[in-house]
Asks: 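Encoded as structure tokens, here's the structure I'll be asking about.
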Amino acid sequence: MTSLNTNSRAASHGMSDIRIRNLFIIPTILFLIVFNIFPLIYSLGYSFTDFRASSAAPANFVGLQNYRALLNDPFIWLNFAITAKYVIVSVTGQVIVGFGTAMLLNRDIPLKGLLTTLLLLPMMLSMAVVGLFWKLLYDPSFGIINYTLGLGSFEWLSNPDMALYAVAITDIWMWSPFVMLLSLAGLSAVPKHLYEAAAIDRAGPFYTFFRITLPLVAPILMIAIIFRTMEAFKTFDLAYILTSQPTTEVISIRLYKMAFQEWQTGRSCALAYIVLIMVLAITNIYVKYLNKVKER
Amino acid sequence: MAAVQTRSERALNRVAIAAVLVITLIFLAPIYWITSTAFKPRNLATTIPPTVLFQPEISPFVKLFTKRSQLRVAPTPEEYAAAPWWERMVFDGGEKIVRSGRGEVQLSGYPNRFMNSLIVAITSTVLAVGMGTFTAYGFSRFKVKGEADLLFFILSTRMLPPVVVAIPMFLMYRAVGLNDTHWGLIILYTAFNLSFSVWLMKGFIDEIPKEYEEAALVDGYTRMQAFFKIVIPEAATGIAATAVFCFITAWNEYAFALIMTNRRAQTAPPFIPSQVGSGLPDWTVIAAGTFLFLLPVAIFTFLLRNHLLRGMSFGAIRK
């Protein structure tokens with residue numbers, strides 16, 4: 001403060017708006033640069049070395065060798081393929097269950113508010129803890145899922161062919177409510193008079209759905225899909241806790257193992273960069289849609 | 001829907017209601033199951049067919065909070081009579097509670113991890129929401145060069161997979177001694193939540209009419225006074241909602257906590273799964289730990305139900 005007497009007329013201006021703006025914005029930007037951008041630059045340096053955090057040996061510059069080795073490693077591509085499969089299965093499942101539930105909820109249903117709130121509970125829980133208790137539910141000998149579905153001692157998590165789907169089912173359980181919530185917002189924004197007009201024109205339910213409901217909900221549904229795609233791409237906790245099958249080793253798990261179990265620090269930094277570029281590409285699409293919907 | 005319903009429409013509605021109820025029940029079943037397991041005696045936790053009706057017990061919670069040893073011989077009648085009621089329940093499970101030399105009950109690792117979770121989640125929430133509110137106001141009320149790019153930058157920090165950031169953070173923390181400390185996690189979670197807090201708070205502050213502050217400025221308030229006395233109270237609901245979202249994120253975070261902590265500052269999410277280990281896990285104790293951990297989030301979800309949509313979509317969509 002420049003003024004000594006805060007009650008004086010001069011003090012009514014206080015700090016200039018520019019100074020206040022800078023005071024409010026700059027610390028946050030600096031904080032994010034120091035704790036997000038700086039680490040990434042730091043690791044960019046390491047990605048060109050053979051550094052191992054577990055040994056005292058100094059880092060040697062190896063140029064693009066890490067990147068070349070990673071891009072030529074069929075197992076890394078397998079990890080990406082597993083991630084892609086996981087993203088497709090779980091996001092498709094979430095859209096079907098979430099949008100379906102939203103369609104059902106979008107009528108005069110008693111206790112609608114309470115039911116919606118209850119349905120939201122799964123997505124507020126910790127992925128790690130959810131993974132843990134789904135392990136109990138999936139247990140082949142005493143799990144409630146096999147008992148309810150009459151599957152006997154069906155193996156969910158220790159069966160390599162099934163494990164990825166088991167993780168995706170848990171993810172669908174957790175995140176369908178998210179798609180439902182966004183779809184519900186989209187559905188409730190569709191003007192009622194469009195349906196009335198369609199009813200007068202004796203339009204069938206299919207025509208009404210594909211010509212009125214879906215096009216109007218599509219932008220919000222698209223946001224939900226992009227958001228979930230991004231999150232599913234990052235998956236770590238759920239798959240890591242639920243099972244340790246090679247068929248569920250998504251890219252985050254591969255990265256974690258490379259960095260903190262095999263201690264190939266340099267190479268894992270390079271892999272992190274490859275992942276980073278992919279995420280930034282998806283983020284760009286996401287933000288574009290976000291702005292588009294905001295403008296509506 | 002139309003005021004006059006045909007018979008087929010009413011039938012359709014009834015089918016929809018039934019379907020929604022069934023879906024809700026399916027979605028809640030896992031949560032019900034973990035909760036009920038937390039109140040079961042150990043021998044009923046893994047029975048087939050599953051036990052639905054049972055006498056609820058709190059012994060899983062006693063076991064969760066205390067260190068126990070296997071009882072080789074049954075307690076003497078005197079020992080049994082002298083023990084408090086909660087300790088007797090553990091006797092009945094063939095275990096006894098370990099005491100220190102001075103006779104104090106030895107606690108298990110759980111209370112400590114639960115406290116760590118509270119410390120880290122609350123502190124990082126306060127920091128993220130505090131800074132986020134200031135920054136959101138700055139973006140909402142003043143002209144900022146390259147505003148869209150800066151906001152995109154802020155958002156993008158949240159989009160990175162945690163493991164990607166964790167590798168260099170681990171090396172940096174090791175260099176400065178922040179590994180396995182509360183502050184280490186607090187800083188990370190603050191950075192993580194800050195982007196979210198800015199975006200959400202900007203949405204709330206944008207909705208407060210500028211005229212309120214302008215009127216205050218005319219009345220002789222400084223910008224700062226107007227911010228604290230007009231904007232903050234108007235944005236209180238938004239601040240509360242943002243805070244709860246940040247708290248839940250920090251409370252639930254797993255990957256950073258797994259990588260950055262191992263004992264002193266470990267939070268509950270990496271701790272609870274590590275207790276399953278090998279051999280025969282006591283699922284009632286794990287369920288009890290999980291139940292206590294989920295409880296705050298369940299309460300907050302209920303309180304927050306009207307803000308959920310905004311929070312989950314970075315404020316892009318309002319109800």
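Letters A, B, ... are given to chains in the order of the sequence lines, protein chains preceding strands, and every chain is numbered from 1.
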Asks: Look at the side chain of A:Arg21 and the backbone N and O of B:Lys143, then say whether any donor-acceptor pair between them is shorter than 3.5 Å.
Replies: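 Yes, because the side chain of A:Arg21 sits within donor-acceptor range (under 3.5 Å) of the backbone of B:Lys143.
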
Asks: Is it the backbone or the side chain of B:Phe245 that comes under 4.5 Å from a heavy atom of chain A, or both, or neither?
Replies: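 For B:Phe245, side-chain heavy atoms alone lie under 4.5 Å from chain A.
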
Asks: Using non-hydrogen atoms and a 4.5 Å limit, figure out which bit of B:Arg141 sits close to chain A: side chain, backbone, both or neither.
Replies: neither

Asks: Is it the side chain or the backbone of A:Val130 that comes within 4.5 Å of chain B heavy atoms, both, or neither?
Replies: neither

Asks: Of all of B:Thr249, B:Leu294, B:Leu21, which one pairs up most often with chain A through heavy atoms under 4.5 Å apart?
Replies: B:Leu294

Asks: Compare all side-chain heavy atoms of A:Ile18 with those of B:Phe142 and state whether any distance is below 4.5 angstrom.
Replies: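 No, their side chains stay 4.5 Å or more apart.
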
Asks: Sort out for me which of B:Asp219, B:Leu304, B:Leu150, B:Leu258 touches chain A most, counting heavy-atom pairs under 4.5 Å.
Replies: B:Leu258

Asks: Please classify the contact between B:Arg14 and chain A as side chain, backbone, both or neither, with a heavy-atom cut-off of under 4.5 Å.
Replies: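 Nothing of B:Arg14, per the 4.5 Å heavy-atom cut-off to chain A.
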
Asks: At a heavy-atom separation under 4.5 Å, does B:Ile248 approach chain A through its side chain, its backbone, both, or neither?
Replies: side chain

Asks: Quick one: closest heavy-atom pair of B:Pro161 and A:Val279, and the distance?
Replies: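 Scanning both residues, the minimum pair turns out to be CD-CG2, 3.7 Å.
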
Asks: Would B:Trp251 and A:Ser126 count as a side chain to side chain contact (heavy atoms under 4.5 Å, CB included) if you check the C-alpha gap in whole Å, the side-chain angles of each, and the deciding distance to 0.1 Å?
Replies: CA-CA 8 Å; B:Trp251 183 252; A:Ser126 162; over 6 Å; no

Asks: Measure the shortest side-chain to side-chain distance between B:Met172 and A:Tyr42 over non-hydrogen atoms and say whether it is less than 4.5 angstrom.
Replies: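 The answer is yes; the side chains approach within 4.5 Å.
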
Asks: Supply the atom-to-atom distance B:Tyr137 OH to A:Ile20 CD1, rounded to the nearest 0.5 angstrom.
Replies: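 If we round to the nearest 0.5 Å, B:Tyr137:OH and A:Ile20:CD1 are 7.5 Å apart.
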
Asks: Based on non-hydrogen pairs under 4.5 Å, which of B:Ala255, B:Pro30, B:Ala16 is most in contact with chain A?
Replies: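 Highest number of heavy-atom pairs under 4.5 Å: B:Pro30.
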
Asks: Given heavy-atom pairs under 4.5 angstrom as the criterion, report whether the side chain, backbone, both or neither of A:Asp237 touches chain B.
Replies: both

Asks: Check each atom of A:Tyr273 against the heavy atoms of chain B and say whether the ones under 4.5 Å are side chain, backbone, both or neither.
Replies: neither

Asks: So which part of B:Leu151 gets closer than 4.5 Å to some heavy atom of chain A, the side chain, the backbone, both or neither?
Replies: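 Neither part.
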
Asks: Give the member of B:Ile187, B:Val144, B:Leu155 that has the highest number of heavy-atom pairs under 4.5 Å with chain A.
Replies: B:Ile187

Asks: Quick one: what part of B:Ile272 sits under 4.5 Å from any heavy atom of chain A, side chain, backbone, both or neither?
Replies: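 The answer is both parts of B:Ile272.
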
Asks: For B:Ile286, which atoms come within 4.5 Å of any heavy atom of chain A: side chain, backbone, both, or neither?
Replies: side chain

Asks: How about B:Leu160 and A:Val275: do any of their side-chain heavy atoms sit closer than 4.5 Å?
Replies: no

Asks: Starting at OG of B:Ser156, measure out to CG of A:Asn36 and round the result to the nearest 0.5 Å.
Replies: 8.0 Å

Asks: At a heavy-atom separation under 4.5 Å, does B:Phe300 approach chain A through its side chain, its backbone, both, or neither?
Replies: neither

Asks: Could you work out, with ring-ring contact (aromatic ring centres under 6.0 Å, His included) as the rule, every residue matching B:Phe256, not counting sequence neighbours?
Replies: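 If we apply the ring-ring contact (aromatic ring centres under 6.0 Å, His included) test to B:Phe256, skipping adjacent residues, there are no hits.
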
Asks: Using every non-hydrogen atom in the two residues, find where B:Met159 and A:Lys234 come nearest and quote the distance to one decimal.
Replies: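 Smallest heavy-atom distance, with atoms named: O-CD, 3.3 Å.
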
Asks: With a 4.5 angstrom heavy-atom cut-off, is it the side chain or the backbone of B:Ile167 that approaches chain A, or both, or neither?
Replies: both

Asks: Flag the pair B:Thr47 / A:Phe142 as yes when at least one side-chain heavy-atom distance between them is below 4.5 Å, and no otherwise.
Replies: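 In short, these two side chains do not touch, never coming nearer than 4.5 Å.
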
Asks: Can you check whether A:Phe35 reaches B:Leu194 side chain to side chain, under 4.5 Å on heavy atoms?
Replies: no

Asks: What residue, out of B:Leu28, B:Ile259, B:Ile23, has the most heavy-atom pairs lying under 4.5 Å from chain A?
Replies: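 If we count pairs closer than 4.5 Å to chain A, B:Ile259 comes out on top.
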
Asks: Identify the heavy atoms of A:Ile144 and B:Pro50 that sit nearest to each other, and give their distance.
Replies: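 Minimum heavy-atom separation between A:Ile144 and B:Pro50: CD1-CG, 3.6 Å.
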
Asks: So how far is it from B:Thr301 OG1 to A:Leu121 CG, rounded to the nearest 0.5 Å?
Replies: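 Result: 5.5 Å between the selected atoms.
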
Asks: Heavy-atom cut-off 4.5 Å, strictly under: side chain, backbone, both or neither for A:Tyr256 against chain B?
Replies: both

Asks: Would you call A:Thr28 and B:Phe134 a side-chain contact if the rule is heavy atoms closer than 4.5 Å?
Replies: no

Asks: Of the non-hydrogen atoms in B:Ala19 and A:Leu104, which two are nearest, and what is the gap between them?
Replies: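 Scanning both residues, the minimum pair turns out to be CB-CD1, 3.7 Å.
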
Asks: Tell me whether the centres of the aromatic rings in A:Trp263 and B:Phe170 are closer together than 6.0 Å.
Replies: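 Yes; B:Phe170 has its ring centre under 6.0 Å from that of A:Trp263.
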
Asks: Taking B:Leu188, B:Ile31, B:Ile26, B:Val165 one by one, which has the highest count of heavy-atom pairs under 4.5 Å against chain A?
Replies: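 Among B:Leu188, B:Ile31, B:Ile26, B:Val165, the one with the most close pairs to chain A is B:Ile31.
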
Asks: Between B:Asn252 (side chain) and A:Met124 (backbone), is there a donor-acceptor pair under 3.5 Å?
Replies: yes

Asks: Which atoms of A:Ile253 come close to chain B, meaning under 4.5 Å heavy atom to heavy atom: side chain ones, backbone ones, both, or neither?
Replies: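 Neither part; nothing is under 4.5 Å.
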
Asks: May I ask you to test the A:Leu23-B:Met224 pair for a side-chain heavy-atom distance under 4.5 Å?
Replies: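 Yes, close enough: below the 4.5 Å cut-off.
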
Asks: How about B:Phe153 and A:Ile33: do any of their side-chain heavy atoms sit closer than 4.5 Å?
Replies: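 When only atoms from C-beta onward are counted, A:Ile33 and B:Phe153 do touch, with a gap below 4.5 Å.
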
Asks: By a 4.5 Å heavy-atom criterion (distance strictly below it), what part of B:Thr37 contacts chain A: side chain, backbone, both, or neither?
Replies: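 The side chain, not the backbone.
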
Asks: Tell me, out of A:Tyr240, A:Phe233, A:Tyr147, A:Phe227, who's got the most heavy-atom pairs with chain B below 4.5 Å.
Replies: A:Tyr147

Asks: Would you give me the side-chain donor-acceptor pairs under 3.5 Å for residues 173-185 of chain A, sequence neighbours excluded?
Replies:
unit_1, atom_1, unit_2, atom_2, d
A:Trp173, NE1, B:Phe27, O, 2.9
A:Ser176, OG, A:Ile172, O, 2.7
A:Ser183, OG, A:Val179, O, 2.6

Asks: Does any heavy atom of chain B fall under 4.5 Å from the side chain of A:Leu132, the backbone, both, or neither of them?
Replies: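 Both backbone and side chain.
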
Asks: Measure the spacing between CG of B:Leu127 and CZ of A:Phe31 and express it to the nearest 0.5 Å.
Replies: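 Here the interatomic distance stands at 7.0 Å.
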
Asks: Using the ring centroid of each side chain, check whether A:Phe24 and B:Phe227 are separated by less than 6.0 Å.
Replies: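 Here the rings of B:Phe227 and A:Phe24 have centres that are less than 6.0 Å from each other.
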
Asks: Sort A:Leu118 into side chain, backbone, both or neither according to what part of it lies under 4.5 angstrom from a heavy atom of chain B.
Replies: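 Answer is both: backbone and side chain atoms of A:Leu118 are under 4.5 Å from chain B.
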
Asks: To the nearest 0.5 Å, what is the distance between CD1 on A:Ile25 and CE on B:Met131?
Replies: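 If I round to the nearest 0.5 Å, the distance is 12.0 Å.
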
